[in-house]
Amino acid sequence: MIDIKLLRTEPEKVIAALARRKEIVDIEGLLKLDTKKRELIYEAEGKKAEQNAVSKQIPQLKKDGKDTTSIFEEMKKLSAEIKKYDDEVREIDVKMNEILYTIPNIPNAEVPDGDTDEDNIEVRRFMEPTKFDFEPLAHWDLGKSLGILDPETAAKVTGARFHIYSGLGARLERAIINFYLDTHTSKGYREIFPPFMVHRDSMVGTGQLPKFEEDAFKVANTDYFLVPTAEVPVTNMHRDEILDGDKLPLKYCAYTACFRAEAGSAGRDTRGLIRQHQFNKVELVKFSKPENSYAELDALIADAEAVLQALKLPYRVVKICIGDLGFTAAMKYDIEVWMPSYNRYVEISSCSNFEDFQARRANIKYKNSPKEKAQFVHTINGSGVAIGRTTAAILENFQNEDGSITVPDILLPYMGGNDVIR
RNA sequence: GGAGAGGUGGUCGAGUGGUCGAAGGCGCAGCAUUGGAAAUGCUGUGAGCGUUUAUUCGCUCCGUGGGUUCAAAUCCCAUCCUCUCCUCCA
């Protein structure tokens, strides 16, 4: 949610920022509604003040045995007028929110220009793309021949874009989850195991709704949605709260399965683990003071990178350009892992600073001392990192000529003595 | 799923139609007291919006949403959540 005050005072700034996103919003119409609303509130408040003043005198008048009939008659009229004003204000509020909730975040000025993901800027690399002295296989072929990935049976049980992991495949997925959680908790992230369903307010709070309802799975006969990311339940833990400034930054990590309808992605990445309706992810979430949020973003990216470094997976970090920047982000970096089957880097983590965009929607504030005025926190989050894509990357980057997979050293304690999957 | 009780400020808790944003306790902050501290005393202590900037005045908020009334924390309806008992169950 953008700041309506910023819209009032510097509309041209907002328009220019949104223009970078190629978003055209009827700011003028919005401001007209805002002006009208404020006029109505001003009128209503005057009448309410009158109503309150008269009401205050009534007990005394009654005590004195005065006749209040004529006063009540007038007050009845006043009451009806107030109601009319309140109704109008409510109507305008609904209209304004319809617009406000669909306006994307103001991008940070540092976000580079560009139209698509091809215009993202590479910031750094870890290792070089894996070289093979044989023809490497894709993870879906490896998974099939090893008997550890089984999309066909998943399709039989559920449908397309689901996977069954079997045997050491399931074990590997679980090992990665545990390794990630252990690593992040050792760095001060508090581990959270949240619900995998959330209600509508939470989805609105973090920005998935109302604009992207077709991307979410709604649970029939309820108002619940399957979580598209742990960001939603974890960020909303503090909805409508004023946090203690001394306790910031709050750092959380959480494993959840993630559910995405993948609307508009039909036919893309149909093979393997890359684009599924359900996938596992460990998410990192921070609540920070505004002045520290970009340092916290950098630190969060470093924490996400650390697990890939420990696994010895080649990756690069890219700074996301304006055309590829998500709806809610002010600034975003992706971590992309080397995927031999794609012969390119593939996103495995997305790390964003939302500044106060989510905090405004979810009403999350902080103050340093009791006397201070509460102000919005900044929220930062990123995958730390996606599990399914990690599994895919391990299968592909650590494959041997005979089709076996060498398990990365760091995962051995989690693999029950299996150092090779064959 | 059935029966009942309840949701009030950071917290506990009073308040069943009017002068209630709301007693009191705890907590917290400031001041006094002290060599320092404890204890004690005094004062203060929610959020948002508008206005003013003299820390002014006004409005809204007692789970949420509607209603009744001149007037609602208080009455009515719906809804969510919590607790107790029963039923069912991993």
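Every chain is numbered from 1 and lettered A, B, ... according to where its sequence line falls, protein lines coming before strand lines. No experiment lies behind these values; they were computed from the predicted model shown.
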Within the 4.0 Å heavy-atom criterion, would you say [X] contacts the bases, only the backbone, or no part of the nucleic acid?
| X | answer |
| --- | --- |
| A:K365 | sugar-phosphate |
| A:I71 | nothing |
| A:K47 | nothing |
| A:Q51 | sugar-phosphate |
| A:K37 | nothing |

If I pick the [atom1] atom on [M] and the same atom on [N], what distance separates them, to the nearest angstrom?
| N | M | atom1 | answer |
| --- | --- | --- | --- |
| B:G6 | B:C20 | P | 26 Å |
| B:G67 | B:G13 | P | 32 Å |
| B:G21 | B:C49 | C1' | 16 Å |
| B:U82 | B:A71 | P | 35 Å |

Discussion item. For B:C49 and A:K5 - does any side-chain N or O of the residue sit under 4.0 Å from the phosphate oxygens OP1/OP2?
Written reply: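 Yes, A:K5 has a side-chain N/O under 4.0 Å of OP1/OP2 on B:C49.
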Worksheet item: Which nucleotide in the list B:C49, B:G67, B:G46 gets nearest to the side chain of A:K83?
Response: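 Of B:C49, B:G67, B:G46, B:G67 is nearest to the side chain of A:K83.
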Practice prompt. Indicate whether any N or O donor in one side chain lies under 3.5 Å from an N or O acceptor in the other, for A:Y315 and A:E336.
Written response: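 A:E336 and A:Y315 do not have a side-chain donor-acceptor pair below 3.5 Å.
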Worksheet item: Should the pair A:D86-A:K47 be classified as a salt bridge under the 4.0 Å nitrogen-to-oxygen rule?
Response: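 So A:D86 does not pair with A:K47 through a salt bridge.
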Worksheet item: Does any donor-acceptor pair link the side chain of A:K48 with the base of B:G58 at a separation under 3.5 Å?
Response: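 Donor-acceptor pair under 3.5 Å: no.
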Practice prompt. Cation-pi check, A:K319 to A:Y333: give yes when NZ or CZ is under 6.0 Å from the six-membered ring centre and within 45° of the ring axis, no otherwise.
Written response: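 Geometry flag: not set, cation outside 6.0 Å or 45°.
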Discussion item. side-chain contact (heavy atoms from CB on, under 4.5 Å), that's the test. Do A:V232 and A:Q208 meet it? Break it down for me.
Written reply: CA-CA 8 Å; A:V232 180; A:Q208 284 74 22; 3.5 Å; yes
Fill in: Complement of B:G35, any strand, by Watson-Crick or G-U distances under 3.5 angstrom
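Because no pair has both required distances under 3.5 Å, B:G35 counts as unpaired.
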